[in-house]
There are 2 protein chains.
Amino acid sequence: MVASMIEESLLITYGAKIKKYKKNEYVFKEGQKARYYYQVSSGEVKMNNFLENGKEFVQSFFNAPRSFGEPPLFSDILYPANAVATKDSEILQLEKTTFLNLLRENPDIHLKVTQAIALRLYYKAIMATEISSQEPEHCILRVLDYLKKDVYGLSGPFSFKVNLTRQQIAHLTGLRVETVIRATKSLEKKNELLIKNRKLYR
Amino acid sequence: MVASMIEESLLITYGAKIKKYKKNEYVFKEGQKARYYYQVSSGEVKMNNFLENGKEFVQSFFNAPRSFGEPPLFSDILYPANAVATKDSEILQLEKTTFLNLLRENPDIHLKVTQAIALRLYYKAIMATEISSQEPEHCILRVLDYLKKDVYGLSGPFSFKVNLTRQQIAHLTGLRVETVIRATKSLEKKNELLIKNRKLYR
DNA sequence: TGAATTTTATGATTTGAATCATAAGGCATT
DNA sequence: AATGCCTTATGATTCAAATCATAAAATTCA
């Protein structure tokens with residue numbers, strides 16, 4: 001179910017370079033022009049925004065072998081968010097024009113890229129609905145279910161060990177930590193979540 | 001700036017049919033499997049969800065010549081929202097497999113489709129941030145600016161006559177009508193909006 | 001190992017959008 | 001022209017999440 005992205009060897013063939021990023025280092029920033037196609041080789045990247053009030057909103061996390069930041073490569077738009085390494089990471093980067101050539105010359109890969117973007121749009125559509133719904137518990141379950149099913153391909157009850165802190169869930173949902181803590185407890189009571197020494201299972 | 005979609009003549013060549021929908025008629029419903037590629041020929045379609053409490057959330061409006069509902073054609077996912085004609089409309093529909101063939105045989109068009117999806121993802125990312133921000137005024141301005149710039153390609157101040165009711169804006173932002181009414185008035189005072197006999201200009 | 005930071009936790013208070021109530025102005029339909 | 005529906009409008013009230021405060025547990029890291 002994880003949209004497997006472009007083979008690293010193929011990217012290298014086309015001249016992609018592996019860049020190393022330290023934890024908390026920026027890959028790109030909101031408002032910049034897109035110059036490269038990025039694909040996580042190791043580590044983890046998050047895309048985020050900082051709101052007026054200084055609060056962080058996390059669009060999504062990206063692990064190997066997922067790509068990120070493609071949309072502005074296709075349209076004449078600027079990055080709508082920052083990309084930051086959340087761990088020491090290695091990221092493949094390929095020049096925009098070379099990337100577009102790669103797609104032109106490899107229709108199957110183009111289709112995979114489209115698939116990956118389509119899946120992210122699907123996720124965003126769901127999250128927009130949930131965030132607008134003003135129902136914290138439901139909203140949290142949706143993020144977790146999305147990760148469980150669409151990202152990690154799991155299905156059994158409580159088979160998904162959530163590797164996110166309450167704070168990270170808060171950033172993904174636009175809620176506050178305290179609200180997430182209280183909501184997850186309430187969800188445990190309702191048997192929607194399992195909490196085993198502080199870790200969430202869904 | 002409006003991503004021009006696939007030429008109608010080409011779609012017809014590939015066997016697309018024009019279907020007529022009455023106002024308020026459903027094109028597809030949440031949870032269904034995707035069977036067709038859809039492109040508005042005339043009229044207007046909206047995609048929406050109904051929340052637990054019966055409230056409507058509108059993902060987006062689609063006018064000619066925009067396509068909608070593609071993401072589930074690429075992945076093994078179900079429609080995350082309903083598609084409803086908001087006016088009497090004519091909509092081109094093309095079988096999923098034929099559509100995918102069309103893309104394979106026409107790389108330039110595949111690229112255009114990818115562009116259109118990428119642009120929608122960009123919009124969703126921005127809206128998710130805004131909706132999460134809990135700042136109604138800012139959120140409203142963002143929807144309007146998106147429509148003004150990215151959909152209609154306008155740029156002068158107050159050059160965009162907003163053809164949405166306060167209620168429609170509410171549905172797009174997840175706010176309540178009363179909040180939108182109060183927020184737009186406040187925005188007029190701050191010179192961010194113009195209100196000329198009840199119509200909004202941005 | 002110990003210090004510093006982050007995470008989880010919980011209670012009290014505030015706040016602002018939702019909700020409720022009501023009404024007038026527009027618009028479409030007959 | 002009359003009817004009814006939708007939109008805009010505004011004030012009063014409610015309510016739930018944000019905020020504030022505080023602290024213990026866990027993790028990171030020097």
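By convention in this document, chain letters (A, B, ...) are assigned in the order of the sequence lines, proteins followed by strands, and residues within each chain are numbered from 1. Because the structure is predicted, anything quoted here is derived from the model rather than measured.
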Length of the line joining [X]:[atom1] and [N]:[atom2], which is rounded to integer Å:
{"X": "B:L187", "N": "D:dA9", "atom1": "CG", "atom2": "P", "result": "13 Å"}
{"X": "B:L200", "N": "D:dT7", "atom1": "CG", "atom2": "C1'", "result": "12 Å"}
{"X": "B:R176", "N": "D:dT7", "atom1": "CZ", "atom2": "P", "result": "16 Å"}
{"X": "A:I169", "N": "C:dT7", "atom1": "CD1", "atom2": "C1'", "result": "12 Å"}
{"X": "B:E56", "N": "D:dC6", "atom1": "CD", "atom2": "C1'", "result": "14 Å"}
{"X": "B:I131", "N": "C:dA17", "atom1": "CD1", "atom2": "P", "result": "15 Å"}
{"X": "A:E135", "N": "C:dT19", "atom1": "CD", "atom2": "P", "result": "10 Å"}
{"X": "A:K22", "N": "D:dC29", "atom1": "NZ", "atom2": "C1'", "result": "14 Å"}

*Candidates B:Y26, B:F28, B:Y38, B:Y36 - the one meeting ring pair (Phe, Tyr, Trp, His ring centres under 6.0 Å) with B:Y79*: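 Exactly one pass, corresponding to B:F28.
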
Is there a side-chain contact between [X] and [Y] in this structure, where contact means two heavy atoms from C-beta onward sitting under 4.5 Å apart?
{"X": "A:N191", "Y": "A:F158", "result": "yes"}
{"X": "A:L119", "Y": "A:Y123", "result": "no"}
{"X": "A:F74", "Y": "B:L111", "result": "yes"}

*If we fit an axis to the first five pairs and another to the last five of the helix from C:dT1-D:dA30 to C:dT30-D:dA1, what angle do they make, to the nearest 10°?*
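What I find for the helix from C:dT1-D:dA30 to C:dT30-D:dA1 is an axis angle of 60°.
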
*Verify whether the ring centers belonging to B:F160 and B:Y201 lie closer than 6.0 Å.*
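No; B:Y201 has its ring centre 6.0 Å or more from that of B:F160.
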
*Flag yes if more than 12 heavy atoms outside B:K199 fall under 6.0 Å of its NZ atom; otherwise flag no.*
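Above 12, so yes.
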
*Please check if atom CD in A:E105 has more than 12 non-hydrogen atoms from other residues, nucleotides or ligands closer than 6.0 Å.*
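Enclosed.
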
*Closer than 4.0 Å, any side-chain N/O of A:K55 to the OP1 or OP2 of D:dT19?*
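Answer yes for this pair, as a side-chain N or O of A:K55 is under 4.0 Å from OP1 or OP2.
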
*When you check the side-chain N and O atoms of A:Q168 and A:K46, is any donor under 3.5 Å from an acceptor?*
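The criterion, which ignores hydrogens and geometry beyond distance, is not satisfied for A:K46 and A:Q168.
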
*Show your reasoning for whether side chain to side chain contact (heavy atoms under 4.5 Å, CB included) applies to A:L94 and A:I6.*
CA-CA 11 Å; A:L94 180 62; A:I6 308 178; over 6 Å; no

*Sugar-phosphate means primed atoms, P, OP1 and OP2; the rest is base. With that split, encode nucleotides 8-16 of chain C 5' to 3' as B, S or - using protein heavy atoms under 4.0 Å.*
BBBBB----

